[in-house]
Amino acid sequence: MVLDDLGTSLRSSLDKLQGKTRLDEDDVEEIVKEIQRSLLSADVDVSLVMELSSSIESRALEEEPPGGTTARDHVLKIVYEEMVALVGDSTELPLENQTILLAGLQGSGKTTSAAKMAWWFSKKGLRPAVIQTDTFRPGAYDQAKQMCERAEVDFYGDPDGDDPVEIAREGLEATADADVHIVDTAGRHALEDDLIAEIEEIEGVVDPDRSLLVLDAAIGQGAKEQAKQFESSIGIEGVVITKLDGTAKGGGALTAVNETGSSIAFLGTGETVQDIERFEPSGFISRLLGM
Amino acid sequence: IIEEEDLEDPLWDLEMALLESDVEMSVAERILETVRETMLGESRKQVETTGELVEAALHDALLDVIAVGQFDFEERIAEAEKPVTIVFTGVNGVGKTTTIAKLSEWLAERGYSSVLANGDTYRAGANEQIGEHADRLDRQLISHDQGGDPAAVIYDGIEYAQANDIDVVLGDTAGRLHTSDDLMAQLEKIDRVVDPDMTLFVDEAVAGQDAVNRAKEFNEAAAIDGAVLTKADADSSGGAAISIAYVTGKPILFLGTGQGYDDITRFDPEALVDSLLGKE
Ligand SMILES: Nc1nc2c(ncn2[C@@H]2O[C@H](COP(=O)(O)OP(=O)(O)OP(=O)(O)O)[C@@H](O)[C@H]2O)c(=O)[nH]1
Ligand SMILES: Nc1nc2c(ncn2[C@@H]2O[C@H](COP(=O)(O)OP(=O)(O)OP(=O)(O)O)[C@@H](O)[C@H]2O)c(=O)[nH]1
Ligand SMILES: [K+]
Ligand SMILES: [Mg+2]
Ligand SMILES: [Mg+2]
């Protein structure tokens, strides 16, 4: 099971339970403290950590371990269940025609992820196209175009255009032959009202089957505010976590999933178009708890 | 007299507050440890609560960390032999290239000419991105084709500046994660070959706990002289500044506050501490 490679400090506090069949309050308190530490250093939202750890604590104290289960295994199971309940399964992505809208903070990895996802769908036998609506960032058109060449997928953009909504509309028409439309957008954050209004307009025209929030694995406590804003303006059906090839734990994604009532769709693990994986809960949970 | 147990609750509250502001956990704990040590055995006046005293001590401890090594960037440029070469480092997407464009304008407003040298010979669209900034600002850009040697590009930038009496060379580098041994070795090589007058580490105000790891690794690969914290407009807390200053012992020099060329301001340590302690 995933929790076999729990963080060393967490594991050593669990090891103390070895052989015990009953937990006293001190045991539970110590373990809960370690879990809090792990989640907080993984950038999970502070109030969410407190909620999670209090439900782990009360379950650990109240529930009888089933016969033959050691106290240690019992706690492990509770921790795992609580985490799984929160993070859920990978966002469902049927292999059929669909439109996906990408949104997120400046520099979070949207353009790179658009090309990666297109590559991923093409490997599944579908024909994807990326539509670049970012008219703001210098070089955005060239970047997306070159990434799509590397992914060997269709691309639409307008280097001279200045209206993202218009480009989105034209792009969907121009790539009508494609099965999967992935619409990239310029970076923006929760406090930029004009840009939030702009993405609402883009969303209106694109009418996506799902909107995905692209989050840098290293984002801190701000993840909550960002996720809340994107959820209320365009509705978020899934989260893409990027830059997981670094040391950041990606706890902001847990916060975002909690805020948006969604799930995690993809993980980005590098700068090339192949560096993409579908989300898988157990590996992510063990990373959060500090492997 | 303040005893151990009087401190427990206020220190816990402050630790949570620091974590909510994205100060890295071990950094927060070490700062609170100095607060604990200064407080223990202190006597308290009747008018003060332990909480108030602890907060005052934390204010001083944070300011100690964040005010480390502050220097006048403009003065440093003014006094240095020209051209002054500045290389910008940092992980992917934090705002290095945009910061270079902003600083080029910041320097121009103060009477210094600059040339941009694109040491990012890797990322898709990197030449086009910095090229468009150079066009808009009417600056010279030195660039090579994708796949070229980053150190060579910046070196060409220095030669161009020497030949054309340009004051400052702004050398960009490709974003890289500190976990990539190859790319970190390449950064060391750039640092060795170019031997810049200043290396500025760029990170973003929205960064969380990982800010400590990367600041440390980048500082080890190519010793930094200071840092720039971008995207401060997206986040009001910015505890990452504390983490970076603490692990590198180097000052935060500028804040990026938006995507426009004017959106850069001198970093003010006091203002950051006040905002961390909720006194905006
Ligand atoms: N190492 C690593 N780098 C990544 C990953 N995803 C994206 N990047 C890099 O992160 C940087 C930013 O990526 P972009 O795709 O330009 O991000 P964006 O969200 O489109 O940025 P804006 O359009 O400016 O908002 C680039 O240097 C990418 O190569 C990843 O999973 N791992
Ligand atoms: N809101 C805001 N956005 C910023 C700021 N600085 C940079 N950006 C945006 O962040 C995104 C990434 O900026 P870049 O300058 O390309 O970052 P970089 O570090 O050069 O990225 P790579 O070269 O891919 O590693 C762009 O969309 C910028 O416009 C800032 O201070 N505030
Ligand atoms: K939702
Ligand atoms: Mg982009
Ligand atoms: Mg760049």
Side-chain angles (χ1 to χ4, degrees), chain A residues 36-37 40-47 49-50 105-112 115 136-150 159 186-192 195 216-226 242-252 270-271 273, chain B residues 15-17 19-26 28 91-98 101 122-136 146 174-180 183 203-214 217 230-231 233-240 258-259:
Chain A
Q36 286 177 347
R37 291 181 62 84
L40 290 169
S41 28
D43 292 312
V44 180
D45 175 63
V46 172
S47 54
V49 170
M50 297 309 151
L105 242 73
Q106 287 90 353
S108 62
K110 294 172 294 299
T111 304
T112 309
F136 182 83
R137 171 173 160 163
Y141 170 87
D142 302 274
Q143 181 192 8
K145 187 167 186 287
Q146 289 170 30
M147 289 303 288
C148 287
E149 278 160 16
R150 293 179 194 175
R188 70 200 75 224
H189 63 70
L191 303 177
E192 294 173 305
L195 296 183
D216 189 318
I219 191 170
Q221 298 285 319
K224 183 175 180 173
E225 216 31 57
Q226 302 300 332
T242 64
K243 309 178 200 176
L244 278 167
D245 43 327
T247 47
K249 303 290 201 303
E271 292 193 71
V273 295
Chain B
E15 181 170 358
M16 289 306 116
L19 289 171
E20 277 174 358
S21 303
D22 286 326
V23 177
E24 196 263 349
M25 184 182 283
S26 69
V91 300
N92 307 79
V94 290
K96 296 174 292 300
T97 305
T98 310
Y122 178 74
R123 207 202 64 224
N127 272 338
E128 289 85 352
Q129 181 187 15
I130 198 169
E132 199 169 320
H133 282 305
D135 281 351
R136 286 193 201 161
Q146 220 170 61
R176 67 199 74 219
L177 291 179
H178 47 288
T179 42
S180 165
L183 293 178
D203 207 336
E204 49 187 26
V206 291
Q209 301 282 310
D210 199 43
V212 154
N213 288 330
R214 53 214 210 182
E217 300 284 339
T230 63
K231 308 183 195 174
D233 51 315
D235 176 77
S236 51
S237 44
Q259 303 188 81

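We name chains A, B, ... by the order of the sequence lines, and we start the count at 1 in each one. These numbers were taken from a predicted model, which means no experiment stands behind them.
Neither the backbone nor the side chain of A:Glu149 comes within less than 4.5 Å of any heavy atom of chain B. At a 4.5 Å heavy-atom cutoff, the contact between A:Gln226 and chain B is made by side-chain atoms alone. For A:Phe136, the parts sitting under 4.5 Å from any heavy atom of chain B are the backbone and the side chain alike. For A:Ile219, the parts lying near chain B are the backbone and the side chain together; criterion is any non-hydrogen pair under 4.5 Å. For B:Asp233, the parts lying under 4.5 angstrom from a heavy atom of chain A are both the backbone and the side chain. Looking at A:Arg150, the atoms closer than 4.5 Å to chain B (heavy atoms on both sides) all sit in the side chain, from C-beta outward. Both the backbone and the side chain of A:Ala248 come within contact range of chain B, each with at least one heavy atom under 4.5 Å from a heavy atom of that chain. At a 4.5 Å heavy-atom cutoff, the contact between B:Asn213 and chain A is made by side-chain atoms alone. With a threshold of 4.5 angstrom between heavy atoms, A:Asp216 approaches chain B through side-chain atoms but not through N, CA, C or O. For a residue to count as touching a neighbouring chain, one of its non-hydrogen atoms must lie under 4.5 Å from one of that chain's; by this rule B:Gln146 touches chain A with the side chain only.
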key: Step-by-step side chain to side chain contact (heavy atoms under 4.5 Å, CB included) determination, A:Gln106 to B:Lys231   = CA-CA 8 Å; A:Gln106 287 90 353; B:Lys231 308 183 195 174; 4.3 Å; yes
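For the atom pair CG of A:Asp45 and CG of B:Leu19, the computed distance is 11.0 Å after rounding to the nearest 0.5 Å. In this structure, CZ in A:Arg137 is found 4.0 Å from CD in B:Gln129, a value given to the nearest 0.5 Å. Note that the CZ atom of B:Arg214 and the OG1 atom of A:Thr247 stand 8.0 Å from one another [nearest 0.5 Å]. Taking CG of A:Asp142 as the start and CD of B:Glu132 as the end, the distance is 8.0 Å to the nearest 0.5 Å. Note: B:Asn92 CG to A:Lys243 NZ = 5.5 Å, rounded to the nearest 0.5 Å. Note that CD of B:Gln209 and OG of A:Ser41 are 6.0 Å apart. Values are rounded to the nearest 0.5 Å.
Under the 4.5 Å side-chain criterion, counting only non-hydrogen atoms from C-beta, B:Met25 is in contact with A:Leu40.
The choice from B:Ser26, B:Ala234, B:Gly93 that makes the most heavy-atom pairs within less than 4.5 Å of chain A is B:Ala234. Most heavy-atom pairs under 4.5 Å with chain A, from the set B:Val94, B:Thr97, B:Leu177, B:Thr98: that is B:Leu177. No other option in A:Arg37, A:Lys145, A:Glu192 has as many heavy-atom pairs under 4.5 Å with chain B as A:Arg37. Contact tally against chain B (heavy-atom pairs below 4.5 Å) for A:Pro138, A:Gly139, A:Gly107, A:Ser108: the top residue is A:Pro138. Chain A forms more heavy-atom pairs under 4.5 Å with one residue of B:Arg123, B:Met16, B:Glu24 than with any other, namely B:Arg123.
The two residues B:Ala124 and A:Met147 come nearest to each other via the heavy atoms CB-SD, 3.7 Å. Summarising the geometry of B:Asp210 relative to A:Ala218, their closest heavy-atom pair is CB-CB, 4.2 Å, with the distance given to 0.1 Å.
Between the side chain of B:Asp22 and the backbone N or O of A:Gln221, at least one donor-acceptor pair lies under 3.5 Å.
For the residue pair A:Gln146/B:Glu128, the side-chain donor-acceptor check at 3.5 Å is satisfied.
Qualifying ring-ring contact (aromatic ring centres under 6.0 Å, His included) partners for B:His178, counting only residues two or more places apart in sequence or in other chains: none.
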